[in-house]
**Student:** 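Here it is, the structure in full.
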Amino acid sequence: MICMKTLLLSGAFMVLFNSGCHQKTSRQTETDQALTVQAGSQTKPTACKPLETREPNATGQKPTFANQTRVCGMKSKTAFEVIVLAKKLENPWSVEPLPNGDLLVTERPGRMRVISASGQVGKPLTGMPAIEASGQSGLLDVALSPNFAADRTIFWSFTEPRPEGNGTSVARGILSANGTAIEQAKTIFRSSPSYHNHMHYGSRLTFGPDGMLYVTLGERSDLETRPQAQHMNSHLGKILRITPDGAPAPGNPFLNQPGTKPEIWTIGHRNVQAAAFDENGKFWTVEMGPQGGDELNLIEKGKNYGWPLVTFGEEYSGKPVPNAVTTKAGYVDPVYYWDPVIAPSGAQFYTGNLFPEWKGNLFVGALKEQRLVRLRIENNKVTGEEHLLTNRHQRIRDVKQGPDGALYIVTDETDGELWKLLPRK
Ligand SMILES: [Ca+2]
Ligand SMILES: [Ca+2]
């Protein structure tokens with residue numbers, strides 16, 4: 001067979017399309033149904049095959065309910081193409097497709113750029129406030145105003161240098177008409193307390209259908225700050241809900257309570273770097289857990305998600321999480337968990353038309369396991385899991401759907417990349 005290859009120029013980078021030279025892949029021939037076997041005259045369902053076959057990190061822990069971990073593996077029938085739109089991005093943290101098809105990308109050391117739909121990488125935008133970048137700190141997420149087409153307003157989260165250390169803050173500004181500057185930048189929210197390490201900042205910014213901005217914040221990792229995930233007078237280890245001006249949102253569950261931060265929406269989180277609303281307006285997050293305790297959560301107003309009292313997994317030292325249990329009345333069980341961990345970052349429910357097979361599925365980036373995870377969720381339970389892009393061996397930091405229905409991905413590498421996923425022609 002003659003293998004045709006086509007070279008196209010896309011921005012500054014050559015893109016290689018393979019047309020018809022791939023052999024048939026397993027994803028085109030396997031189904032995502034649980035296996036059944038003939039046993040005499042009866043057809044008995046058997047346990048399907050989960051993708052994870054390694055030993056769990058944490059010994060002796062049992063799921064709280066069936067299919068809370070290691071559900072049936074599934075395989076996409078739709079073959080896809082990966083176009084590398086840009087390279088040499090330094091630890092990109094967020095990709096946000098713009099209405100015209102261009103992409104806003106942040107790089108953790110403190111740069112934000114517009115990359116054109118064809119892959120032309122713009123210069124860093126001017127006009128950003130000071131950012132502290134070291135370890136996990138730096139420029140983190142960016143989100144578009146729900147009215148971006150009219151107001152060109154963007155919101156970003158970043159590590160702010162402060163006299164007492166540093167902390168996650170949220171700023172907003174206007175993307176200039178020519179896409180080279182941020183104008184009228186203003187810091188609208190500062191988490192407190194500040195702290196002096198460089199770990200567990202969160203933070204994803206997600207606008208809800210209610211027009212409010214949901215902000216995920218980590219607990220700064222140290223044993224000194226970790227208990228604050230349960231303390232109402234601290235923003236650490238919380239999901240917050242604020243107005244586009246940075247004020248506590250009307251209807252928040254703990255407004256006007258003494259000693260309580262009024263921005264709090266939910267408590268008991270370790271470090272959430274993946275958050276997305278589904279088509280029905282339900283809010284889902286994927287949380288970096290301890291070793292063996294990454295978890296998918298359905299986020300509901302005012303609830304306690306457990307950390308560090310109720311959790312799966314163990315410390316990364318291999319010791320137990322002190323005094324923790326895996327489930328307890330009054331604390332929300334994760335819908336799903338991964339043991340061993342995948343290190344989740346970035347989430348998107350697919351709603352486009354390019355991949356009808358993927359409609360309603362949740363896509364999650366995985367840093368440590370260097371893959372894109374696809375989850376099928378039915379009745380608030382995970383019923384299928386697929387691992388994509390495993391052959392590229394890059395840490396996936398963020399995944400977003402563009403207005404064209406393609407998926408856009410950035411990889412957390414010092415020479416990080418921006419990818420576009422399209423159905424293979
Ligand atoms: Ca974002
Ligand atoms: Ca939890």
Side-chain angles (χ1 to χ4, degrees), residues 58 61 63-64 68-69 92-98 103-108 112-113 139-146 148 153-158 168 170-172 175 201-208 213-216 218-219 226 229-230 237-239 266-277 284-290 292-300 303-313 321 324-339 341 344-349 363-365 396-402 407-410 412 418:
Q61 294 185 347
T64 305
Q68 194 184 19
T69 190
W93 215 93
S94 173
V95 55
E96 204 62 46
L98 297 168
L103 301 135
L104 204 51
V105 171
T106 65
E107 293 169 278
R108 199 183 45 72
M112 193 182 322
R113 310 169 188 271
L139 177 57
L140 305 173
D141 203 16
V142 60
L144 306 187
S145 157
F148 178 84
T153 297
I154 61 174
F155 296 76
W156 64 95
S157 59
F158 64 104
T168 305
V170 179
R172 75 168 186 215
L175 180 63
Y201 295 95
S203 61
R204 287 290 166 194
L205 304 178
T206 314
F207 274 98
L213 183 58
Y214 293 75
V215 183
T216 68
E219 38 62 302
R226 181 193 279 186
Q230 294 287 329
K238 307 298 189 310
I239 295 176
T266 58
I267 76 169
H269 302 282
R270 186 173 175 275
N271 194 23
V272 176
Q273 298 189 340
F277 281 84
W284 299 78
T285 62
V286 196
E287 178 161 337
M288 301 260 194
D294 285 348
E295 53 182 42
L296 169 70
N297 284 305
L298 177 54
I299 298 299
E300 293 180 316
K303 293 196 172 171
N304 188 338
Y305 288 78
W307 180 253
L309 307 173
V310 183
T311 184
F312 285 95
V321 177
V325 294
T326 57
T327 184
K328 191 175 181 180
Y331 299 84
V332 181
D333 290 325
V335 169
Y336 195 66
Y337 71 92
W338 288 267
D339 182 358
V341 289
S345 185
Q348 171 76 57
F349 281 94
F363 287 83
V364 181
I396 294 186
R397 177 61 84 182
D398 197 16
V399 52
K400 270 306 177 80
Q401 180 183 319
L407 284 178
Y408 294 87
I409 287 166
V410 285
D412 177 47
L418 169 62

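Indexing begins at 1, ligand by ligand and atom by atom, following the structure's order. In what follows, every heavy atom counts, from backbone to side chain, and hydrogens, waters and symmetry copies are set aside. In what follows, residues are counted from 1 in the order of the sequence shown.
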**Student:** Verify the distance test for E295 against the Ca ion (ligand 2): any N/O/S atom under 3.0 Å, yes or no.
**Tutor:** yes
**Student:** Closest N/O/S atom of D141 to the Ca ion (ligand 1), by atom name?
**Tutor:** OD1
**Student:** Should the pair F207 and F155 be assigned to parallel (<30°), tilted (30 to 60°) or perpendicular (>60°) ring geometry?
**Tutor:** perpendicular
**Student:** How are the rings of W156 and F158 set relative to one another: parallel (under 30°), tilted (30 to 60°) or perpendicular (over 60°)?
**Tutor:** tilted
**Student:** Under a 4.0 Å threshold between the charged nitrogen and the carboxylate oxygen, would E107 count as salt-bridged to R113?
**Tutor:** yes
**Student:** Can you tell me if D398 and Q273 form a side-chain donor-acceptor pair at under 3.5 Å?
**Tutor:** no
**Student:** Is Y305 close enough that one of its N/O/S atoms sits under 3.0 Å from the Ca ion (ligand 2)?
**Tutor:** yes
**Student:** To 10°, measure the OE1(E96)-the Ca ion (ligand 1)-O(V142) angle for me.
**Tutor:** 70°
